[in-house]
Amino acid sequence: MKFENIIYFLSLLLLLFGSTIFIVVESVYYVEMTPYEDDACTVSKGESGVGYAFVVGECFAVGNFAPIINNYMITLGGVGNNTATFHQYQNSDPTCSQANPVNDVTYQSGSCYNAPNYADNNMYPNIYNYVLVSIKENPTSMPQYAFKFSQYSDSNCATNPQWYFFYTNGTVFHYGNNEFSKFYCDEGEPYELYCEGSSNNCTVTEIYSPCSRNAWAWKEHIYYLTSC
């Protein structure tokens with residue numbers, strides 16, 4: 001093709017399409033687990049307890065330090081991608097290359113389940129609520145909670161979170177008859193009210209944390225922040 005013809009061809013393209021630039025953005029899917037008190041996940045009663053959200057199709061780690069960290073990857077299936085299967089991998093497999101099918105767990109969108117314990121169960125072991133599972137494409141709205149722990153793959157915590165767990169306002173964890181922690185958000189900052197012995201023996205701690213590296217994850221490069 002002659003140079004003049006190339007110029008003519010390019011000019012024709014500009015005339016037809018103007019200065020429009022086409023950008024293809026790949027959708028991001030999340031499996032959301034919204035917490036409720038009752039086993040029917042009655043929406044009208046309001047959210048209560050511990051909830052989660054997990055990115056689909058990306059290998060991510062769950063756990064605080066290397067010996068108990070497990071890696072997961074979620075795949076969608078079923079009619080209209082209405083089921084989500086959590087494939088579990090060991091700490092020695094941070095790229096999620098060798099699955100252990102025995103530990104696969106599948107959830108169906110729109111169904112109510114006992115809340116799984118993916119949160120920090122060493123500190124807060126008593127999770128008694130239920131969760132309503134949904135699968136969301138490019139979720140944009142995120143309500144403010146009492147506390148939220150979000151995990152990222154980048155050092156600025158600026159990309160989409162790999163997963164997060166949260167406590168709704170007023171969530172209480174009991175450690176014994178007279179010992180408990182209550183979480184709440186005040187002016188955009190998360191706080192923990194810890195009481196021991198009686199309601200008069202309590203302390204309040206701000207539990208906000210900026211984006212930080214999890215140094216206890218030896219094989220995974222993961223970052224986290226805490227917020228409301």
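Atom set for the values below is all heavy atoms of this structure, side chains included, hydrogens, waters and symmetry mates excluded. Position 1 is the first residue of the sequence, and the numbers go up from there. Please read these numbers as outputs of a predicted model, since none were measured by experiment.
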Is there a path of hydrophobic side-chain contacts, each under 4.5 Å between heavy atoms of I, L, V, M, F, W or Y residues, that connects Val62 with Met73?
-> no
Name all residues meeting the salt bridge (charged side-chain N to carboxylate O under 4.0 Å, His left out) criterion together with Lys136; count only those two or more places apart in sequence or in a different chain, and write none if there are none.
-> Glu32
Rounded to the nearest 0.5 Å, how far does CG of Leu76 lie from CD1 of Ile135?
-> 5.0 Å
Under 3.5 Å: donor-acceptor pair, side chain of Tyr52, backbone of Ala115 | no
Please examine the side chains of Thr205 and Tyr194, heavy atoms only from C-beta on, and report whether any two atoms are closer than 4.5 Å.
-> no
Contact check, side chains of Glu47 and Tyr145, non-hydrogen atoms, under 4.5 Å = yes
Do Pro161 and Tyr30 come close enough that some side-chain heavy atom pair is under 4.5 Å?
-> yes
Is it true that a side-chain atom of Ser150 and a backbone atom of Tyr164 form a donor plus acceptor pair closer than 3.5 Å?
-> no
Rounding to 0.5 Å, atoms CD (Glu58) and OH (Tyr29) come to a distance of 15.5 Å
Does some side-chain heavy atom of Cys185 sit less than 4.5 Å from a side-chain heavy atom of Asn169?
-> yes
Donor-acceptor contact present, side-chain Ser44 to main-chain Thr42, <3.5 Å | no
Is there a chain of hydrophobic side chains (I, L, V, M, F, W, Y, each step under 4.5 Å between heavy atoms) that links Tyr72 to Met33?
-> yes
Smallest separation among heavy atoms of Ser155 and Cys211, with atom names = O-SG, 3.3 Å
So OG1 of Thr171 and CZ of Phe183: to nearest 0.5 Å the spacing works out to 8.5 Å
Mind listing the closest non-hydrogen atom pair of Gln108 and Val133 along with its distance?
-> O-CB, 3.8 Å
Would you find a donor on one side and an acceptor on the other, under 3.5 Å apart, between the side chain of Thr168 and the backbone of Gly49?
-> yes
Leu132 and Ser134, any side-chain heavy atoms less than 4.5 Å apart = no
Between the side chain of Asn82 and the main-chain N/O of Ser109, is any donor-acceptor distance below 3.5 Å?
-> no
Would you kindly confirm whether Tyr191 and Val50 end up in one hydrophobic cluster when ILVMFWY residues are joined by side chain heavy atoms under 4.5 Å apart?
-> no
How long is the span from the OG1 atom in Thr203 to the CG atom in Leu193, to the nearest 0.5 Å?
-> 7.5 Å
Indicate yes or no: at least one non-hydrogen side-chain atom of Pro116 is less than 4.5 angstrom from one of Val131.
-> yes
Please answer whether the main-chain N or O of Thr159 pairs with a side-chain N or O of Asp154 as donor and acceptor at a distance below 3.5 Å.
-> yes
Partner of Tyr118 under ring-ring contact (aromatic ring centres under 6.0 Å, His included), picked from Phe165, Phe86, Trp163, is Phe86
Considering only heavy atoms from C-beta outward, does the side chain of Ser27 approach that of Asn138 to under 4.5 Å?
-> yes
Would you say Asp186 and Tyr184 make side-chain contact, with heavy atoms under 4.5 Å?
-> yes
For the atom pair OG1 (Thr226) and CD (Gln151), what is the distance rounded to the nearest 0.5 Å?
-> 13.0 Å
If you group Ile, Leu, Val, Met, Phe, Trp and Tyr by side-chain heavy-atom gaps below 4.5 Å, do Phe173 and Phe147 land in one group?
-> yes
Shortest non-hydrogen separation from Gln98 to Asp93 and the atoms involved = N-OD2, 2.7 Å
What are the two closest heavy atoms between Cys228 and Ala146, and how far apart are they?
-> SG-O, 4.2 Å
Decide whether Val105 and Phe60 are clustered together by the hydrophobic rule: side chain heavy atoms of Ile, Leu, Val, Met, Phe, Trp, Tyr closer than 4.5 Å, transitively.
-> yes
Shortest non-hydrogen contact between Glu196 and Asn201, atoms and distance | O-ND2, 2.9 Å
Does the ring center of Phe54 lie less than 6.0 Å from the ring center of Tyr107?
-> no
Indicate the atoms forming the closest heavy-atom contact of Ala158 with Tyr152, along with that distance.
-> N-CD2, 4.3 Å
So how far is it from Cys112 SG to Tyr36 OH, rounded to the nearest 0.5 Å?
-> 9.0 Å
Check whether more than 12 heavy atoms from other residues, nucleotides or ligands sit under 6.0 Å from atom NZ of Lys148, and answer yes or no.
-> yes
